[in-house]
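Counting begins at 1 with the first residue of the sequence. Any value given below was found using the heavy atoms of this structure, including those in side chains, with hydrogens, waters and symmetry copies removed.
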Amino acid sequence: MDLPSTSSQYTLQTIAVVGLGTMGTGIAEVLARAGREVIGIDISDTATRRATASLAAATARSVTRERITEQEREGVLARFRTFTELTAAADADLVIEVVPEDYELKQRLFRELDAIVRPDTILATGTNALSVTRLAAESQRPERVLGLHFFNPAPAMKLVEVVSSVLTAPTAVDAVTVLARELGKEPVSVGDRPGFVADGLLFGYLNQAAAMYESKYASREDIDAAMRLGCGLPMGPLALLDLIGVDTARTVLEAMYSSSGDRLHAPAPILGHLAEAGLTGQKSGRGFYTYEEPGSSTIVRDAQTPLDGARLGEGRPVSSVGVAGSGTMASGIAQVFAQAGFAVVLAARSQEKADAAKAAIGKSLGRAVSKGRLTEDGAAQTLALITPAGSLDAFADVDLAVEAVAEDLAVKQELFAALDKVCKPGAVLATTTSSLPVIAVARVTSRPQDVIGMHFFNPAPAMKLVEVVRTVLTSDDVHATVREICTKVRKHPVDCGDRAGFIVNALLFPYLNNAVKMVEQHYASLDDIDAAMKLGGGYPMGPFELLDVVGLDVSLAIEKVLHKEFRDPGLAPSPLLEHLVAAGCLGRKTGRGFREYARR
């Protein structure tokens with residue numbers, strides 16, 4: 001029997017939820033609160049009782065907070081009935097299964113439902129990694145099978161991915177899309193691909209973070225802090241893996257890898273080691289971090305926790321700082337040092353450029369005053385500490401020289417050769433490169449032990465993160481000096497080795513590249529992908545919003561560096577990104593990138 005011709009004729013009023021774990025219980029709550037008759041089914045009496053108690057407790061809290069009345073609460077509870085037999089789904093308009101991620105289990109369930117439900121009932125799988133097409137093919141009526149992927153916790157998370165296979169009838173997709181909106185959710189329409197949109201992008205990133213930690217490139221604390229402070233994410237990747245469950249993440253990645261064959265989805269060995277040891281994250285009390293008790297989110301000290309106030313050794317004294325460059329980054333870094341009380345020499349290629357850079361700092365400080373973040377006296381004192389200069393010769397007496405010039409190796413090498421001649425013995429020489437090898441600029445000097453990476457993020461006055469990049473030749477006291485300086489200028493330093501992308505860009509840009517590939521393959525729209533990552537992943541910006549802000553040319557350059565260094569085919573820049581750059585569509589700065597922008 002065909003589905004009704006339009007979704008408006010097909011009201012999904014009675015809905016069965018099969019599997020009353022955390023996700024199933026959450027979905028049932030959302031449906032019951034929205035006025036639907038909900039049939040909760042689980043083979044476990046304990047699970048059905050727990051689900052009923054959970055709904056009772058959640059609605060009681062809503063009454064206490066005056067979000068609903070006691071009468072409304074009674075209505076919600078009356079609309080939720082639980083059963084242990086699948087036959088209870090016989091009269092449902094829609095069945096949503098949320099049983100464990102196992103093909104055989106889900107396929108058996110779909111075959112049983114075929115014999116129970118009406119011919120026009122829509123069957124939805126809540127899988128976040130398995131193939132909807134493969135599940136639909138096992139049904140007698142594959143046209144009414146689709147994916148309906150809620151995010152945890154379902155009552156709070158706005159995103160719902162509506163997943164259609166090549167077999168799904170458009171009327172079924174329309175019906176559940178209307179339902180999602182009526183539930184107060186934001187539905188995005190996606191095709192059947194491993195991980196769909198949100199998890200497809202998220203789990204590749206989490207997997208790379210686990211591999212980065214496993215290689216001992218950076219500590220768990222520094223990896224998590226880098227992504228929180230450098231990208232504005234609500235959680236770091238390793239803490240998020242502990243929240244999701246290390247075993248769950250491994251299962252999702254295995255399913256994605258078996259379908260995609262992409263090495264970025266091949267689970268990092270550490271995920272298997274932790275899972276097999278029972279160290280599955282918060283639910284077991286230990287994963288990448290150690291927790292107060294199983295089920296707790298409170299991290300406690302363990303053998304890997306850095307000691308509070310631990311010193312790296314004695315650093316070198318720094319009272320004056322030289323900043324080379326005249327662009328936004330150079331001006332921002334000069335402002336940061338001056339606001340912390342350091343005497344700053346801001347050197348550019350000409351006195352005019354240096355004066356203009358100082359004037360830009362003055363405007364920035366003025367904006368801070370107007371917003372109440374700084375007093376007029378404070379702004380004046382900060383500006384007075386900055387001396388503009390038209391030559392690097394002015395760096396003769398600085399204790400720390402920081403370059404913030406163009407991201408071009410030849411340009412930086414020429415500048416460091418000049419700094420080597422100008423700066424006094426013992427001065428620390430720092431590069432702000434975001435993607436070039438620090439050792440390549442250190443080697444043009446006669447003192448590579450004094451050279452280190454100090455990667456600020458734009459805008460420097462606002463962003464709290466600094467990646468501290470030491471080479472194999474950087475001396476311990478130079479490393480200690482820069483760590484101390486970061487603290488004095490109120491930045492959070494994270495340590496990493498001299499490797500392409502450091503922490504943030506090495507994890508961020510493969511994720512952005514994968515988002516571009518999704519659009520290139522006509523898998524989902526720009527808007528749906530951006531919405532999925534903001535609503536499902538808690539990202540402050542969607543990947544295409546971010547690419548247009550960063551600049552497509554800058555993004556392409558970083559992706560090429562990553563691909564060249566790691567030689568992973570999955571890191572090869574998307575042809576679509578290359579085509580847009582070749583066409584001069586570089587993002588907001590040109591008025592057009594992935595989207596068009598009004599010229600100012």
Point to revise | Sole residue of E138, E97, E112 in salt bridge (charged side-chain N to carboxylate O under 4.0 Å, His left out) with K106 | key: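 Exactly one option meets the salt bridge (charged side-chain N to carboxylate O under 4.0 Å, His left out) with K106, and it is E97.
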[X] and [Y]: which non-hydrogen atoms are nearest, and at how many Å?
X: L159; Y: A198; answer: CD2-CB, 4.2 Å
X: A524; Y: V197; answer: CB-CG2, 3.9 Å
X: K491; Y: A460; answer: NZ-O, 2.6 Å

Exercise for review: Report the C-alpha separation of M235 and D224 in whole Å, then their side-chain angles, then the decisive distance to 0.1 Å, and conclude whether the side-chain contact (heavy atoms from CB on, under 4.5 Å) test is met.
Suggested key: CA-CA 7 Å; M235 292 184 78; D224 279 355; over 6 Å; no
Review point. Does the cation-pi check pass for R220 over F288, that is, NZ or CZ under 6.0 Å from the six-membered ring centre and within 45° of its axis?
Key: no
Practice item. Under the side-chain hydrogen bond (donor to acceptor under 3.5 Å, both in side chains) rule, what do D174 and T171 come out as? Steps first, then yes or no, please. Key: CA-CA 5 Å; D174 291 344; T171 47; over 6 Å; no
Donor-acceptor pair between [X] and [Y] side chains, under 3.5 angstrom:
X: N514; Y: Y205; result: no
X: S364; Y: Q335; result: yes
X: T248; Y: T251; result: no
X: R490; Y: Q339; result: no

Between [X] and [Y], does at least one N-O distance fall below 4.0 Å, as a salt bridge requires?
X: R33; Y: E29; result: yes
X: R118; Y: D91; result: no
X: R250; Y: E276; result: yes
X: D247; Y: K283; result: yes
X: D114; Y: R144; result: yes

Show me the donor-acceptor pairs, under 3.5 Å and distance only, between side chains in residues 536-545 and residues at least two apart or in other chains.
| unit_1 | atom_1 | unit_2 | atom_2 | d |
| --- | --- | --- | --- | --- |
| E545 | OE1 | K534 | NZ | 3.2 |
| E545 | OE1 | G542 | N | 2.8 |

Check your understanding: Among all residues two or more places apart in sequence or in another chain, which pass the side chain to side chain contact (heavy atoms under 4.5 Å, CB included) test with E214?
Key ->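 E214 satisfies side chain to side chain contact (heavy atoms under 4.5 Å, CB included) with A268, P269, I270, H273 once adjacent residues are dropped.
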Practice item. Could you list the residues that satisfy side chain to side chain contact (heavy atoms under 4.5 Å, CB included) with S259, not counting sequence neighbours? Key: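 Side chain to side chain contact (heavy atoms under 4.5 Å, CB included) list for S259, sorted by chain: P194.
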Check your understanding: Taking the inter-plane angle between the rings of Y289 and Y291 on a 0 to 90° scale, is it parallel (under 30°), tilted (30 to 60°) or perpendicular (over 60°)?
Key ->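 It falls in the perpendicular class, over 60°.
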Point to revise | Qualifying ring-ring contact (aromatic ring centres under 6.0 Å, His included) pairs, either residue in residues 16-73, two or more places apart | key: none
Exercise for review: Test E101 against T127 for side-chain hydrogen bond (donor to acceptor under 3.5 Å, both in side chains), laying out the working first.
Suggested key: CA-CA 7 Å; E101 291 286 89; T127 182; 2.8 Å; yes
Spacing of [X] atom [atom1] and [Y] atom [atom2] [to the nearest 0.5 Å]:
X: N152; Y: I244; atom1: CG; atom2: CD1; answer: 9.5 Å
X: I529; Y: M518; atom1: CD1; atom2: CE; answer: 6.0 Å
X: S284; Y: L279; atom1: OG; atom2: CG; answer: 6.0 Å
X: E161; Y: F196; atom1: CD; atom2: CZ; answer: 7.0 Å
X: N505; Y: E467; atom1: CG; atom2: CD; answer: 6.5 Å

Check your understanding: Does the side chain of T69 reach to within under 4.5 Å of the side chain of V63, using non-hydrogen atoms?
Key ->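 No, side chains not in contact.
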Point to revise | side-chain contact (heavy atoms from CB on, under 4.5 Å) partner of F80, the single match among L31, T52, V17, T59 | key: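 Among L31, T52, V17, T59, the one meeting side-chain contact (heavy atoms from CB on, under 4.5 Å) with F80 is T52.
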**Study point:** Among D199, V160, N128, the one residue meeting side-chain contact (heavy atoms from CB on, under 4.5 Å) with F151
**Key:** D199
Practice item. Look at the side chain of S139 and the backbone N and O of L135, then say whether any donor-acceptor pair between them is shorter than 3.5 Å. Key: no
Practice item. Verify side-chain contact (heavy atoms from CB on, under 4.5 Å) between Y257 and F203, making sure each step is shown before the conclusion. Key: CA-CA 11 Å; Y257 180 65; F203 277 87; over 6 Å; no
Exercise for review: Kindly write out the residues that satisfy salt bridge (charged side-chain N to carboxylate O under 4.0 Å, His left out) with R50, not counting sequence neighbours, or none if the list is empty.
Suggested key: none
Exercise for review: Quick one: do D192 and S131 satisfy side-chain hydrogen bond (donor to acceptor under 3.5 Å, both in side chains)? Show the steps, please.
Suggested key: CA-CA 6 Å; D192 187 18; S131 168; 3.1 Å; yes
Using a 3.5 Å cut-off and no angle test, enumerate the donor-acceptor pairs between side-chain atoms of residues 35-43 and protein atoms at least two apart in sequence or in another chain.
| unit_1 | atom_1 | unit_2 | atom_2 | d |
| --- | --- | --- | --- | --- |
| R36 | NE | L12 | O | 2.9 |
| R36 | NH1 | A34 | O | 3.4 |
| R36 | NH2 | E182 | OE1 | 2.4 |
| D42 | OD1 | S44 | N | 2.9 |
| D42 | OD2 | L20 | N | 2.8 |

